[in-house]
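Position 1 is the first residue of the sequence, and the numbers go up from there. Just so you know, these numbers come straight off a predicted model, no measurement behind them.
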Amino acid sequence: MSSIEEIDTDETYISDVINSKKNDDIDDIITATTIAQKKMENSIFEKLSSTENGYLIEKKKILNFLSNGIERIPMSHQSLDSSKVWISFWILNGMDMLDSLDSYPSISSRTSKYLSILQNDDNSSNSRDNNQGGGGFGGGNSHTSHVVSTFAAVSALYVIGTEESYKTIDRESMYIFLMRMKTKEGAFTSEDGGEYDSRTTYCAIAVASMLNILTPELVRGVADFLLSCQTYEGGFGAYPFNEAHGGYTFCSVAALSILNCLHKIDMNSLHRWITFRQSNDGGFEGRTNKLVDTCYSYWQGAVYIIIQSYFNYYKKQEEEGNGKDQQQEGLLFNQSKLQEYVIRFCQQSDKKYSGFSDHPSRGKDYYHTCYGLSGISLSQYNEIGKTIQSLNTFTNTFEQPSPPLTKNSANTFIISNNNNNNNNNNNNNNNNNNNNNNNNNNNNNNNNNNNNNNNNNNNNNNNKEQLVEPVHPIYNIKLSKCEKGLKYFYSLNSINSK
């Protein structure tokens with residue numbers, strides 16, 4: 001394990017160094033953050049000079065790591081008892097992005113049965129009129145319902161993508177639960193008597209939109225609360241007057257997208273703030289002057305795509321009015337640099353397992369493996385923003401099929417199905433010629449990549465090096481599963497509000 005620690009921006013400066021510096025030398029002041037940043041840079045340099053990993057994502061080892069978590073969780077995770085449902089989602093979604101979940105034995109029945117235990121059904125003696133009862137999911141066995149855990153559970157059942165998993169969810173009780181969590185400010189509390197912020201509010205709105213229970217009663221005042229969380233920096237905080245933060249920015253922007261209220265955001269200010277969140281290392285930082293973290297490859301990467309989708313929507317309207325065709329363009333961040341940070345610097349492998357860590361030289365975990373794959377997925381598809389316009393927002397319909405996507409990132413990072421170190425050595429020879437990877441794959445990898453093609457032809461018949469399945473930027477679920485789930489729930493009767 002590395003000595004790199006999560007550093008807040010309000011750390012104490014080293015007093016003797018500060019006193020010895022002049023104002024014009026402020027950039028040279030040594031702080032806990034700059035020390036941690038230097039250590040991380042050194043670990044990146046070590047990775048650059050190493051023959052390990054290279055530009056390969058070790059699919060088989062990652063699947064070993066994730067699938068092992070289905071059967072048993074390490075003792076080190078005992079403190080995460082309330083996050084069992086999240087661990088389930090991280091593992092299942094990671095496997096699904098590698099197109100390897102549906103073939104896992106009895107995964108639908110096992111997941112549906114377990115998550116049904118975590119669901120707190122509304123008792124018949126309680127009703128919406130007396131504002132009591134159950135509904136929602138707890139984070140672990142015998143836990144009370146929690147909005148964030150509920151979002152994880154619903155997402156996991158979406159990832160399973162079977163009628164059995166869909167029918168596990170009690171929509172009536174869910175609606176009662178969400179209405180009970182609603183505050184006068186327009187936010188949603190995490191649980192009875194719990195805190196509220198933009199995170200809990202996004203989770204509630206996302207669940208409601210996924211289950212077709214998004215009523216005028218439920219959304220009243222929500223957009224106003226979320227908009228009040230935008231800071232002078234341009235990003236969004238947990239609640240009004242908090243510091244702008246990548247995770248809360250995603251939650252606010254994604255929820256406002258679902259609510260069709262993106263036009264109410266100070267979009268130029270948001271665009272400016274997030275533009276400065278990608279570091280020279282290629283990764284995204286969550287806050288100003290913070291270390292980069294692999295998980296933000298999704299949280300921040302998705303915000304870029306939502307912003308771009310918003311601008312492209314109105315640009316398309318203008319160009320169509322002028323009789324022009326909209327030209328395909330890249331995403332608003334450096335896609336290849338992000339992939340390099342996640343895959344080359346933060347992939348941690350041993351003889352049997354592989355996964356992603358938050359920083360180079362840190363240990364792998366389920367959380368960063370899931371969101372690392374999600375960020376890689378988003379960075380590979382220049383057209384991924386079209387899914388926002390087709391599956392939600394702007395049109396407010398969930399009946400359109402997702403558009404065909406082609407992988408158009410500048411450089412391609414390829415997938416390996418075996419654990420042969422020769423693959424790493426072969427790919428290291430290509431480091432200086434990465435732009436040619438799409439056309440000049442190593443012969444030793446051709447068979448492996450061809451096998452992947454058979455699994456991914458539904459998304460792109462011409463793609464010989466698809467890394468992971470495309471995920472929806474707002475829900476972080478594989479597009480095919482997202483579309484399937486939305487069609488199922490929007491075929492059901494709507495929930496009648498008061």
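A donor-acceptor pair under 3.5 Å links the side-chain atoms of Thr369 to the main chain of Asp365, judged by distance alone. With Gln308 contributing its side chain and Leu332 its backbone, the two residues share a donor-acceptor pair below 3.5 Å. Of the possible donor and acceptor atoms, none in the side chain of Ser252 sits under 3.5 Å from a partner among the backbone N and O of Thr249. Checked by atom type and distance alone, the side chain of Glu340 never pairs as donor or acceptor with a backbone atom of Arg344 at under 3.5 Å. Of the possible donor and acceptor atoms, one in the side chain of Thr201 sits under 3.5 Å from a partner among the backbone N and O of Asp197. Put simply, the side chain of Glu469 never gets that close to the backbone of Leu479: no donor and acceptor are under 3.5 Å apart. Between the Ser269 side chain and the Met267 main chain, no donor and acceptor come within less than 3.5 Å of each other. The backbone N or O of Leu98 sits less than 3.5 Å from a side-chain atom of Lys59, completing a donor-acceptor pair. The backbone N or O of Gly283 sits nowhere less than 3.5 Å from a side-chain atom of Asp281 that would complete a donor-acceptor pair. Between the side chain of Ser165 and the main chain of Ile160, no donor-acceptor pair closer than 3.5 Å is present.
Side-chain contact between Phe188 and Ile205: present, with at least one pair of heavy atoms (C-beta onward) separated by less than 4.5 Å. Considering only heavy atoms from C-beta on, Lys264 stays 4.5 Å or farther from Leu256 through its side chain. Counting only heavy atoms from C-beta outward, the side chains of Gln335 and Asn382 approach each other to under 4.5 Å. Using a 4.5 Å heavy-atom cutoff, the side chains of Val471 and Ile477 are not in contact. Residues Arg362 and Ser43 fail the side-chain proximity criterion, which asks for heavy atoms closer than 4.5 Å. Taking 4.5 Å as the limit, every side-chain heavy atom of Ile376 sits out of range of all side-chain heavy atoms of Leu338. In this structure the side chain of Met210 reaches within 4.5 angstrom of the side chain of Ser155, judged on heavy atoms.
Put simply, CZ on Phe151 and SG on Cys251 are 8.0 Å apart, with the number rounded to the nearest 0.5 Å. In this structure, the separation between CD1 on Ile107 and CE on Met95 is 6.5 Å, given to the nearest 0.5 Å. For the atom pair NZ of Lys487 and CD of Glu483, the computed distance is 4.0 Å after rounding to the nearest 0.5 Å. Note: Asn93 CG to Asp96 CG = 6.5 Å, rounded to the nearest 0.5 Å. Distance check, rounded to the nearest 0.5 Å: OG1 of Thr111 to CG of Leu92 gives 5.0 Å. Atom NZ of Lys351 is separated from atom CG of Asn64 by 15.0 Å, given to the nearest 0.5 angstrom.
Between Tyr296 and His245, the ring-plane angle classifies as perpendicular under the 30° and 60° cut-offs. Ring geometry, His472 versus Tyr475: the interplanar angle falls from 30° to 60°, so the pair is classed tilted.
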Audit row: Val342, Ile57, side chain to side chain contact (heavy atoms under 4.5 Å, CB included) steps and yes/no: CA-CA 10 Å; Val342 176; Ile57 181 170; over 6 Å; no
Leu270/Val253 under side chain to side chain contact (heavy atoms under 4.5 Å, CB included): CA gap, chis, key distance, verdict: CA-CA 10 Å; Leu270 172 62; Val253 173; 3.8 Å; yes
Before you tell me yes or no, could you show the steps for Lys364 and Asp358 under salt bridge (charged side-chain N to carboxylate O under 4.0 Å, His left out), namely the whole-Å CA-CA distance, both residues' side-chain angles and the distance that decides it to 0.1 Å? CA-CA 8 Å; Lys364 57 185 173 291; Asp358 53 353; over 6 Å; no
Dump the intermediate steps for side chain to side chain contact (heavy atoms under 4.5 Å, CB included) on Leu486 and Tyr158, then the final yes or no. CA-CA 9 Å; Leu486 290 172; Tyr158 250 70; 3.4 Å; yes
Derivation of the salt bridge (charged side-chain N to carboxylate O under 4.0 Å, His left out) call for Lys478 and Asp99: CA-CA 9 Å; Lys478 189 166 73 172; Asp99 203 25; 3.5 Å; yes
Determine, step by step, whether Glu71 and Arg110 satisfy the salt bridge (charged side-chain N to carboxylate O under 4.0 Å, His left out) criterion, reporting the C-alpha distance in whole Å, the side-chain angles of both residues, the deciding distance to 0.1 Å, and the verdict. CA-CA 11 Å; Glu71 306 302 333; Arg110 291 179 64 183; 3.1 Å; yes
Using the rule given for ring pair (Phe, Tyr, Trp, His ring centres under 6.0 Å), can you reason through Tyr166 versus Phe489, listing the C-alpha separation, both sets of side-chain angles and the distance that settles it, and then say yes or no? CA-CA 8 Å; Tyr166 300 151; Phe489 285 105; 5.4 Å; yes
Test salt bridge (charged side-chain N to carboxylate O under 4.0 Å, His left out) on Lys290 and Glu285; report intermediate values, then the result. CA-CA 6 Å; Lys290 286 280 286 183; Glu285 61 182 16; over 6 Å; no
Side chain to side chain contact (heavy atoms under 4.5 Å, CB included) for Cys229 and Tyr248? Distances and angles first, verdict last. CA-CA 9 Å; Cys229 295; Tyr248 296 115; over 6 Å; no
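Within a 6.0 Å sphere centred on OH of Tyr239, other residues, nucleotides and ligands contribute 12 heavy atoms or fewer. The number of heavy-atom neighbours closer than 6.0 Å to OH of Tyr196, taken from other residues, nucleotides and ligands shown, is 12 or below. By the 6.0 Å contact criterion, CG on Asp350 is enclosed, its count of non-hydrogen atoms from other residues, nucleotides or ligands being greater than 12.
In this structure, Thr189 and Val147 approach most closely via the heavy-atom pair O-CG2, 3.1 Å. When every heavy atom of Ser76 is checked against every heavy atom of Ser79, the shortest pair comes out as O-OG, 4.3 Å. Summarising the geometry of Thr294 relative to Ser357, their closest heavy-atom pair is OG1-O, 2.6 Å, with the distance given to 0.1 Å. In terms of heavy-atom proximity, Cys370 sits nearest to Asn476 at SG-ND2, 4.4 Å. Pairing each heavy atom of Arg277 with each of Thr288, the nearest pair is NH2-OG1, 3.6 Å. Residues Asp293 and Cys295 share a closest heavy-atom pair of OD1-N, 3.0 Å.
Exactly one residue among Trp299, Phe356, Tyr366 makes a ring pair (Phe, Tyr, Trp, His ring centres under 6.0 Å) with Tyr371. That residue is Trp299. When each of Gln347, Lys61, Gln348 is paired with Ser354, the side chain to side chain donor-acceptor pair (under 3.5 Å) condition holds for Gln347 and for no other. Under the side chain to side chain contact (heavy atoms under 4.5 Å, CB included) rule, Phe236 has a single partner from Val303, Ile265, Thr231, which is Ile265. Phe284 pairs with exactly one of Tyr341, Tyr304, Tyr298 by the ring pair (Phe, Tyr, Trp, His ring centres under 6.0 Å) rule, that one being Tyr304.
Between the side chains of Ser257 and Tyr310, no donor-acceptor pair of N or O atoms lies under 3.5 Å. In the model, Arg72 has a side-chain atom that pairs as donor or acceptor with a side-chain atom of Asn68 under 3.5 Å. Residues Asp81 and Ser83 have side chains that never bring a donor and an acceptor to within less than 3.5 angstrom of each other.
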